[in-house]
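Below, read A as the first sequence line, B as the second, and so on, with proteins coming before strands; counting in each chain starts at 1. These values consider heavy atoms only, across backbone and side chains, with no hydrogens, waters or symmetry-generated copies.
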There are 2 protein chains.
Amino acid sequence: MTGRRDGVTISQVAKAAGVARSSVSRAFTRPDMLSQQTVERILAVAEELGYVPNHTARALSTGRHGNVALIVPDVANPFFPPLIRSAQMEADRFDFCVFLGNSDEKAKQEDKLVGRFSGQVEGLILASSRLSDERIHAHAALRPLVLINRDVAGISRILIDSGSGVSEAVAHLAELGHRSLVYVAGPSSSWSNAQRRMAVRKSATALGLEVQTIAAAVPSFQAGRNAVPAIRASGATAVVAFDDLMAQGILAGMSEAGVRVPEEFSVVGCDDVLGAATYPPLTTVSNRSVEAGKAAFSLLMDVLDSSAIRDVRYMLETHVVVRGTTGPAPR
Amino acid sequence: MTGRRDGVTISQVAKAAGVARSSVSRAFTRPDMLSQQTVERILAVAEELGYVPNHTARALSTGRHGNVALIVPDVANPFFPPLIRSAQMEADRFDFCVFLGNSDEKAKQEDKLVGRFSGQVEGLILASSRLSDERIHAHAALRPLVLINRDVAGISRILIDSGSGVSEAVAHLAELGHRSLVYVAGPSSSWSNAQRRMAVRKSATALGLEVQTIAAAVPSFQAGRNAVPAIRASGATAVVAFDDLMAQGILAGMSEAGVRVPEEFSVVGCDDVLGAATYPPLTTVSNRSVEAGKAAFSLLMDVLDSSAIRDVRYMLETHVVVRGTTGPAPR
DNA sequence: CTGTTAGCGCTTTCAT
DNA sequence: ATGAAAGCGCTAACAG
């Protein structure tokens with residue numbers, strides 16, 4: 001009963017316009033139910049008084065908030081900002097507000113955030129969720145949920161298939177005459193890593209190329225740089241890295257070792273988060289994160305107004321983006 | 001009167017526990033007003049029933065939402081994600097939810113977002129706001145407002161002084177024996193650019209160095225790369241770039257031109273958004289965006305519980321971060 | 001087409 | 001220490 005009461009209320013407008021409160025409400029939400037005259041008069045009075053509908057009261061009454069929550073493991077991971085941005089822009093078209101949550105890669109934190117948000121949103125989008133399948137199902141039972149890059153049966157999800165682009169990259173390398181390559185792996189627990197590793201292996205085998213895998217615990221610039229000696233020792237002429245950051249590290253390592261790219265060695269990254277901002281510009285695999293963000297929001301809207309929709313599984317194919325770090329196999 | 005009614009309400013808990021609704025409310029918000037026994041019993045019953053306080057109803061009644069909004073010009077600009085992240089983590093400590101808005105660099109969009117958010121937040125944080133002073137004052141009159149990197153008298157603000165770090169960078173260069181340098185400028189309309197440009201000029205003059213300025217309309221990797229011929233023609237032995245992206249482009253351009261960094265030429269970036277992910281790792285100026293995000297939120301909290309606070313002007317100094325792209329002046 | 005009347009779920013005086 | 005009751009501002013039957 002305290003708190004800042006800063007607004008003109010519907011009652012004041014009603015009194016000033018000489019109508020019932022419900023009419024004022026209708027003037028804003030269902031103007032077709034009122035005579036045009038009345039609507040105009042009410043709107044004029046409202047304008048004059050500086051009336052602004054109270055979002056909270058409306059939400060309490062209707063159960064509709066016009067909010068969604070988007071939770072990501074790490075806002076600062078360059079993969080997410082474009083996704084966040086596009087989800088946001090799409091939300092804007094629907095006049096929705098978006099809460100952003102940072103789970104800090106921790107399931108517990110993510111769980112907490114979902115709880116904090118769920119009372120004031122229509123639905124949630126979980127990107128690369130760290131939650132267990134059980135928790136996801138539990139939350140999905142309470143609120144519409146859309147997943148990005150997480151494949152849980154029964155929950156609507158948008159999946160980015162980096163495998164398709166990686167396969168293209170391998171084919172691209174094969175065409176350039178490379179016969180032996182190495183895949184520099186990312187975190188073994190990662191869905192994306194498994195996907196990429198498998199794609200490299202499968203398409204390389206199909207094209208008669210040799211593949212070796214070099215593991216790196218964390219996908220970092222340093223890890224990529226450190227992998228260079230092993231890569232050179234492998235005898236391969238090209239490398240596909242788990243992500244762009246590692247590829248960038250590899251580029252640096254090669255440069256240090258005096259190996260020219262792409263003349264003597266070819267490098268392919270993954271996720272296209274660097275733009276063309278390396279020298280030479282990095283050949284990589286597109287990420288589709290922009291589409292994923294947009295699609296996730298749209299899907300959530302669909303789920304919202306037809307709660308029958310469940311278990312949608314929307315796969316986004318990726319492609320190789322050929323730039324300057326891949327060239328004909330040496331010799 | 002429709003909408004999803006998915007919750008156990010306070011009334012149900014009250015009945016099940018054999019107490020008044022107000023007691024249930026107090027058990028959650030003012031347990032000290034009740035006997036410990038009662039509190040325990042109520043909490044147990046609530047737990048058992050799966051009661052969760054309705055955020056919206058509470059907000060309507062108290063006028064307190066526990067939400068803040070953070071608006072940035074572009075989520076995908078690498079300067080902002082760390083800031084967003086830290087503001088978020090700080091908000092988390094206070095159990096606040098944060099709305100994120102992307103103004104897309106447009107004042108009109110920003111204005112719209114502020115309007116959309118302001119009904120359901122305690123206050124707002126505007127980072128690098130594109131709004132006019134008038135609009136900012138107008139909004140600040142309705143809701144507590146904190147600005148980041150925008151200096152408007154009468155409004156609490158956090159300013160990142162990149163000038164201090166740039167001056168350090170120039171001193172660092174002078175110590176290395178450089179006598180002539182060029183500043184590759186960013187957008188002329190930018191507050192930061194003016195700040196940095198002036199710092200370079202001032203400290204260079206003080207140290208007896210020559211400075212030339214090369215302008216670039218947009219701060220991009222390409223712009224940096226394109227500036228290389230002009231930089232080389234200038235006869236300078238070091239360059240300070242408006243931001244890291246341009247510095248990275250300059251690095252690429254130098255590499256293409258066969259100029260070795262830092263042996264033959266020194267390069268300093270600004271904002272430290274690349275981490276050490278270039279080769280050689282870039283010497284740059286710290287950005288303090290993490291502190292800015294955190295400080296902005298804290299300041300907002302301060303403003304909230306002591307509305308007397310206004311016109312706080314909190315300046316964050318920056319520093320040069322010496323890495324691998326600066327070395328002794330050649331010859 | 002418009003007014004009357006219940007709520008939505010919670011907090012907060014005011015009593016007791 | 002606890003209960004009763006009056007809202008917070010808006011929406012949505014239900015009447016007319």
Counting only pairs under 3.5 Å, give me each side-chain donor-acceptor contact of residues 20-28 of chain A, with atom names and distances, residues two or more places apart or in other chains.
from	atom 1	to	atom 2	distance (Å)
A:Ser22	OG	A:Arg26	NH2	3.3

Self-check item: Counterpart residues, salt bridge (Lys or Arg N to Asp or Glu O under 4.0 Å), relative to A:Asp305 (two or more places apart)
Solution: none
Quiz prompt | Set of salt bridge (Lys or Arg N to Asp or Glu O under 4.0 Å) partners for B:Asp92, sequence neighbours left out | solution =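 So B:Asp92 forms a salt bridge (Lys or Arg N to Asp or Glu O under 4.0 Å) with A:Lys112, A:Arg116.
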Quiz item: Between B:Ser35 and D:dT2, does any side-chain N or O lie under 4.0 Å from OP1 or OP2?
Solution: yes
Exercise. Examine D:dT11: is either OP1 or OP2 under 4.0 Å from a nitrogen or oxygen in the side chain of A:Ser25? Give yes or no.
Key: yes
Over how many whole Å does the gap from [X] atom [atom1] to [N] atom [atom2] extend?
X: A:Leu34; N: D:dT11; atom1: CG; atom2: C1'; answer: 14 Å
X: B:Leu60; N: D:dA6; atom1: CG; atom2: P; answer: 18 Å
X: B:His65; N: C:dC10; atom1: NE2; atom2: P; answer: 16 Å
X: A:Asp32; N: C:dC1; atom1: CG; atom2: P; answer: 9 Å

Between protein and nucleic acid, restricted to nucleotides 14-16 of chain D and to nitrogen or oxygen atoms under 3.5 Å apart, what atom pairs and distances do you find?
none

What pairs of donor and acceptor atoms, side-chain ones from residues 145-156 of chain B against any protein atom, are under 3.5 angstrom apart with sequence neighbours left out?
from	atom 1	to	atom 2	distance (Å)
B:Asn149	OD1	B:Ile160	N	2.9
B:Arg150	NH1	B:Ser129	O	2.9
B:Arg150	NH1	B:Leu131	O	2.7
B:Arg150	NH2	B:Leu131	O	2.9
B:Arg150	NH2	B:Asp133	OD1	2.6
B:Asp151	OD1	B:Arg157	NE	2.4
B:Asp151	OD1	B:Arg157	NH2	3.3
B:Asp151	OD1	B:Arg313	NE	3.2
B:Asp151	OD2	B:Arg313	NE	3.2
B:Asp151	OD2	B:Arg313	NH2	2.6

Self-check item: Under the ring pair (Phe, Tyr, Trp, His ring centres under 6.0 Å) test, residues paired with A:Phe96 that sit two or more places apart
Solution: A:Phe297
Quiz item: Who are the ring pair (Phe, Tyr, Trp, His ring centres under 6.0 Å) partners of B:Phe117, not counting sequence neighbours?
Solution: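 Ring pair (Phe, Tyr, Trp, His ring centres under 6.0 Å) check on B:Phe117 returns B:Phe99.
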Quiz item: For DNA chain D, which residues in residues 13-24 of chain B have a heavy atom at a distance below 4.0 Å?
Solution: B:Gly18, B:Val19, B:Ala20, B:Arg21, B:Ser22, B:Ser23
Quiz item: Considering only heavy atoms, which members of residues 37-55 of chain A lie under 4.0 Å from some atom of DNA chain C?
Solution: A:Thr38
Exercise. Could you list the residues that satisfy side-chain hydrogen bond (donor to acceptor under 3.5 Å, both in side chains) with A:Asn287, not counting sequence neighbours?
Key: A:Ser289
Report the nucleotide, chosen from [options], that has the shortest atom-to-atom distance to any side-chain atom of [X].
X: B:Arg58; options: D:dT11, C:dC10, D:dC8; answer: C:dC10
X: A:Ala57; options: C:dG9, D:dA12, D:dC10; answer: D:dC10
X: B:Thr62; options: D:dC10, C:dG9, C:dT12; answer: C:dT12

Quiz item: Using rotation axes that map the C1' atoms of four end pairs onto the next four (five pairs an end), what angle separates the end axes of the helix from C:dC1-D:dG16 to C:dT16-D:dA1, to 10°?
Solution: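 Taking five pairs per end, the axes differ by 30°.
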Quiz item: Roughly how far, to the nearest 0.5 Å, is the CG atom of B:Leu100 from the CZ atom of A:Arg85?
Solution: 11.5 Å
Side-chain donor-acceptor contacts of residues 38-56 of chain A below 3.5 Å, not counting sequence neighbours, with atom names and distances?
from	atom 1	to	atom 2	distance (Å)
A:Thr38	OG1	A:Ser35	OG	2.5
A:Glu40	OE2	A:Gln36	NE2	3.1
A:Arg41	NH1	A:Ala17	O	2.6
A:Asn54	OD1	A:Thr56	N	2.8
A:Asn54	OD1	A:Ala57	N	2.8
A:His55	NE2	A:His65	O	2.6
A:His55	NE2	B:Gln120	NE2	3.3
A:Thr56	OG1	B:His65	NE2	3.2

